[in-house]
Amino acid sequence: MKKEKIFEMPLASVYPHYVKKVESKGRTQQELETIIYWLTGYEVVALQKLLDNKTRFEDFFELAPLLNPNVSKITGVICGYRVEEIEDPLMQKIRYLDKLVDELAKGKALEKILRK
């Protein structure tokens with residue numbers, strides 16, 4: 001099976017784009033960190049360490065303390081694909097994160113993003 005380029009990419013190379021995207025829409029880095037914590041179980045200190053170590057996306061998700069049990073409630077289209085139909089488990093997790101970041105940037109209430 002072909003390994004996607006993004007799997008090898010450091011999270012630290014994409015994270016600033018996530019921050020810029022949400023902040024340009026009036027949201028905060030703390031809200032971004034909240035959705036990352038909700039999805040993966042990482043806390044802020046652990047997330048910063050992963051960013052500093054230039055941890056690859058593949059390892060970021062593999063080492064995640066706890067993938068939220070409600071991830072199946074994340075549905076919709078991101079990058080032209082329905083997230084609930086993506087077959088590769090790692091790519092699906094990456095797209096879940098992308099979808100949550102998009103929802104935050106689009107002004108969706110944090111409670112709805114976190115599927116409460």
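Remember, predicted model here, so these are calculated numbers, not experimental data.
- Nearest approach of L114 to W38, heavy atoms of both residues: O-NE1, 3.1 Å.
- The CG atom of L11 lies 6.5 Å from the CG atom of L47; values are rounded to the nearest 0.5 Å.
- In this structure, the side-chain hydrogen bond (donor to acceptor under 3.5 Å, both in side chains) partners of E58, at least two apart in sequence or on a different chain, are K3, R56.
- Within the 4.5 Å cutoff, the side chain of E4 has heavy atoms near those of the M91 side chain.
- Every residue meeting the side-chain hydrogen bond (donor to acceptor under 3.5 Å, both in side chains) condition with Q48, not counting sequence neighbours, appears here in chain and number order: D52.
- Cluster annotation: V44 is not connected to F61 through the hydrophobic network of ILVMFWY side chains, with a link wherever side-chain heavy atoms come within less than 4.5 Å.
- Residues satisfying the side chain to side chain contact (heavy atoms under 4.5 Å, CB included) test with E84, not counting sequence neighbours, are T75, R82.
- Among residue pairs with one or both ends in residues 107-116, those qualifying as side-chain hydrogen bond (donor to acceptor under 3.5 Å, both in side chains) are E103-R115; sequence neighbours excluded.
- The minimum heavy-atom distance between S13 and P10, with the atom names listed, is OG-O, 2.7 Å.
- Tracing side-chain contacts under 4.5 Å through hydrophobic residues (I, L, V, M, F, W, Y), one never reaches V14 starting from Y37; they form parts of separate clusters.
- Checked against side-chain hydrogen bond (donor to acceptor under 3.5 Å, both in side chains), Y18 has the following partners two or more places apart in sequence or in another chain: D98.
- Linking ILVMFWY side-chain heavy atoms closer than 4.5 Å, directly or via other members, places L39 and L110 in a single hydrophobic cluster.
- Taking hydrophobic clusters as Ile, Leu, Val, Met, Phe, Trp and Tyr residues chained together by side-chain heavy-atom distances below 4.5 Å, I6 shares a cluster with L63.
- Here F60 pairs with Y42 under the ring pair (Phe, Tyr, Trp, His ring centres under 6.0 Å) rule; sequence neighbours left out.
- Contact detail for Y15 and I36: the closest heavy-atom pair is CE1-CD1, 3.7 Å.
- Partners of T28 under the side chain to side chain contact (heavy atoms under 4.5 Å, CB included) rule, at least two apart in sequence or in another chain, are Q30, E31.
- Between K99 atom NZ and I78 atom CD1 the span is 6.0 Å, to the nearest 0.5 Å.
- Between V22 and L32 there is a side-chain heavy-atom pair separated by less than 4.5 Å.
- Y81 and L97 fall within the same hydrophobic cluster, where Ile, Leu, Val, Met, Phe, Trp and Tyr residues are linked whenever their side-chain heavy atoms come under 4.5 Å apart, directly or through other members.
- Scanning for side-chain hydrogen bond (donor to acceptor under 3.5 Å, both in side chains) contacts around N68 gives an empty result, with sequence neighbours left out.
- Atom CG of residue L50 and atom OG1 of residue T40 lie 8.5 Å apart, to the nearest 0.5 angstrom.
- For K93 against L67, the heavy-atom pair with the smallest separation is CE-CD2, 3.7 Å.
- Of the possible donor and acceptor atoms, none in the side chain of R95 sits under 3.5 Å from a partner among the backbone N and O of V83.
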**Request:** I would like to know whether T34 and L104 meet side chain to side chain contact (heavy atoms under 4.5 Å, CB included); could you show each step before the answer?
**Result:** CA-CA 11 Å; T34 298; L104 184 62; over 6 Å; no
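- In terms of heavy-atom proximity, F7 sits nearest to D88 at CZ-OD1, 3.5 Å.
- Among residue pairs with one or both ends in residues 12-23, those qualifying as salt bridge (charged side-chain N to carboxylate O under 4.0 Å, His left out) are K21-D102; sequence neighbours excluded.
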